[in-house]
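To keep things clear, I will list the structure first and then write my remarks on it.
One-based numbering, in listed order, for ligands and for the atoms of each. Hydrogens, waters and symmetry mates play no part in the numbers below; they use all other heavy atoms, side chains included. Numbering of residues begins at 1 and proceeds along the displayed sequence.
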Amino acid sequence: MVALAIHGGAGGDGPWKGPTDLDPDRIACMYGVLSRVGSLLESGVTALEAVTIAVEMLEDEPLFNAGRGSVLTEDGGITMDASIMNGSDYSAGSVVNVTRIRSPIRAARLVLDNGWPVMMNGDAADAFAVERGVEQVTQEWLRTSLRKAQWQKWKDSKAKPGSTDEDDKAVLDHDTEQMGTVGAVAIDYLGNLAAATSTGGMTGKPNGRIGDAPIIGAGTWADNKVAVSCTGVGEAFIRTCAAHEVAARFKAGESISSACNNMLDMVAPLGGRGGVIAIDAEGKIAIPFQTMLMYRGTWEDGVIKTGIGPDLFSH
Ligand code: ASP
């Protein structure tokens, strides 16, 4: 039994208003990832390689907030975080605030394969990846016009006299085009599990900010029982060790779905409403979210489903 779940970020408040003009492209990307990586899993690719390829493909879609098309920091730059974990041996790799590579998840995977250390940051992480063949790109290539426009909107609203933190948050939370962190979890034909997460973070984030995505146990976790990738306001996921919390609850006897929902209930009061995808060693998948929407999809027994709002659709 092999299976795969992916996400393209969670966000927004209030009831689902239906797809935007850009959503068909996002759905097409998710469908492409699920069909290619699902077939690869069927043909014997490991869960670790499957989640690497899935996230790499999602990073390459400029409409998701990872790799090209990442959101912009307070000074208009792009800094990206990613991590990956292999459940069978607890090996892990993470890169923080990389700025000049096409695929942060491939860099994290190279850190994992290298064996030591687990986390690398900034220019040293970029250099490590480029030396090992990850494509080097410019900030201008990473920055899309959509993200520049969103950043301008954030900046203008922030500059408004009398603007408060609450107003700033409203700009971030209500603009449903600003989300798009990506992640994947998979089980392979040997029953091994893996998880990966990659993000540009949050629009207007201060320089040096590190979210949950590159933190093993917060944004990403995999062991031999469960694999987890989270999305949402990272600070709250860090403060609850959210991805590991799902694993701890699952191993204490909660179902995969309860473990995910109970974790989200812990995170929400800390200001971190979001979503999570998880898969257990029997191939059971949970993909709950507490926001308006979460881009998500599953591949199970050759059946591909994708969704944005409350419902999932079979292809
Ligand atoms: N968790 C990501 C971060 O805080 C953002 C997201 O998932 O939308 O960097």
Side-chain angles (χ1 to χ4, degrees), residues 5-13 26 30 55 58-59 61 63-67 69-74 77-84 94-99 104-105 108 119 121 142 146-147 150-151 154 168-169 171-185 195-221 228-246 260 263-264 266-268 270-278 287-296 308:
I6 60 173
H7 71 80
D13 277 329
R26 294 190 180 97
M30 291 196 295
V55 169
L58 291 162
E59 286 174 338
E61 166 53 66
L63 291 172
F64 289 122
N65 171 20
S70 286
V71 299
L72 307 193
T73 64
E74 65 181 346
I78 282 182
T79 64
M80 303 170 288
D81 296 335
S83 71
I84 185 163
S94 159
V95 293
V96 176
N97 283 329
V98 288
T99 60
I105 202 63
M119 297 182 83
N121 89 71
L142 290 165
L146 176 73
R147 296 306 187 196
Q150 288 169 349
W151 177 83
W154 167 80
D168 295 345
K169 183 174 170 299
V171 171
L172 293 178
D173 282 355
H174 292 295
D175 187 341
T176 57
E177 294 298 342
Q178 303 228 13
M179 59 203 62
T181 289
V182 303
V185 293
T197 314
S198 180
T199 189
M202 302 182 75
T203 302
K205 68 182 182 180
N207 286 325
R209 184 250 187 192
I210 300 166
D212 60 319
I215 300 180
I216 297 300
T220 305
W221 179 262
V228 186
S229 171
C230 301
T231 174
V233 180
E235 283 66 16
F237 286 79
I238 294 171
R239 290 160 65 200
T240 49
C241 292
H244 185 266
E245 178 69 23
V246 171
C260 286
M263 175 280 279
L264 292 176
M266 273 177 78
V267 167
L270 305 181
R273 278 179 324 110
V276 57
I277 58 171
I287 47 174
F289 56 102
Q290 296 188 339
T291 43
M292 176 203 288
L293 60 82
M294 179 166 80
Y295 294 95
R296 63 204 188 280
I308 306 176

the protein heavy atom lying closest to atom 7 (O) of ligand 1 turns out to be Thr231 OG1, 2.7 Å
Show the atoms of ligand 1 that are less than 4.0 angstrom away from any heavy atom in Thr181.
2 (C), 5 (C), 6 (C), 7 (O), 8 (O)
Kindly give the heavy-atom pair with the smallest separation between Val182 and Ala66, and that separation in Å.
CG2-CB, 3.8 Å
Counting heavy atoms only, which of Arg209, Met80, His7 comes nearest to atom 3 (C) of ligand 1?
Arg209
Out of Ala10, Gly272, Gly211, Gly232, whose heavy atom is nearest to atom 5 (C) of ligand 1?
Gly232
In this structure, CD1 of Ile84 is separated from OG of Ser198 (nearest 0.5 Å) by 10.0 Å
In chain order, what residues pass the side chain to side chain contact (heavy atoms under 4.5 Å, CB included) check against Thr181, with sequence neighbours excluded?
His7, Asn65, Thr197, Thr199, Thr231
When you compare ligand 1 with Thr199, is there at least one nitrogen or oxygen pair between them that comes in under 3.5 angstrom?
no
Salt bridge check: are Arg209 and Glu235 linked by an N-O gap of less than 4.0 Å?
yes
With only distance considered, is Gly234 within less than 3.5 Å of ligand 1 through an N or O on each side?
yes
Please evaluate residues Met30 and Tyr295 with respect to the criterion side-chain contact (heavy atoms from CB on, under 4.5 Å), reporting the C-alpha separation (whole Å), side-chain torsions for both, the decisive distance (0.1 Å), and the verdict.
CA-CA 9 Å; Met30 291 196 295; Tyr295 294 95; 4.0 Å; yes
If you measure every N or O of Glu235 against every N or O of ligand 1, does any of those distances drop under 3.5 Å?
no
Sub-3.5 Å N/O-N/O distance, Asn65 and ligand 1:
no
Those residues that, when tested against Ala242, pass side chain to side chain contact (heavy atoms under 4.5 Å, CB included) (two or more places apart)
Cys230, Phe237, Thr240, Met263, Val267
Compute whether any side-chain donor of one residue and acceptor of the other, for Thr79 and Thr73, lie under 3.5 angstrom apart.
no
Which of the atoms in ligand 1, numbered in the order shown and given with their element, are less than 4.0 Å from a heavy-atom of Asp212?
1 (N), 2 (C), 3 (C), 4 (O)
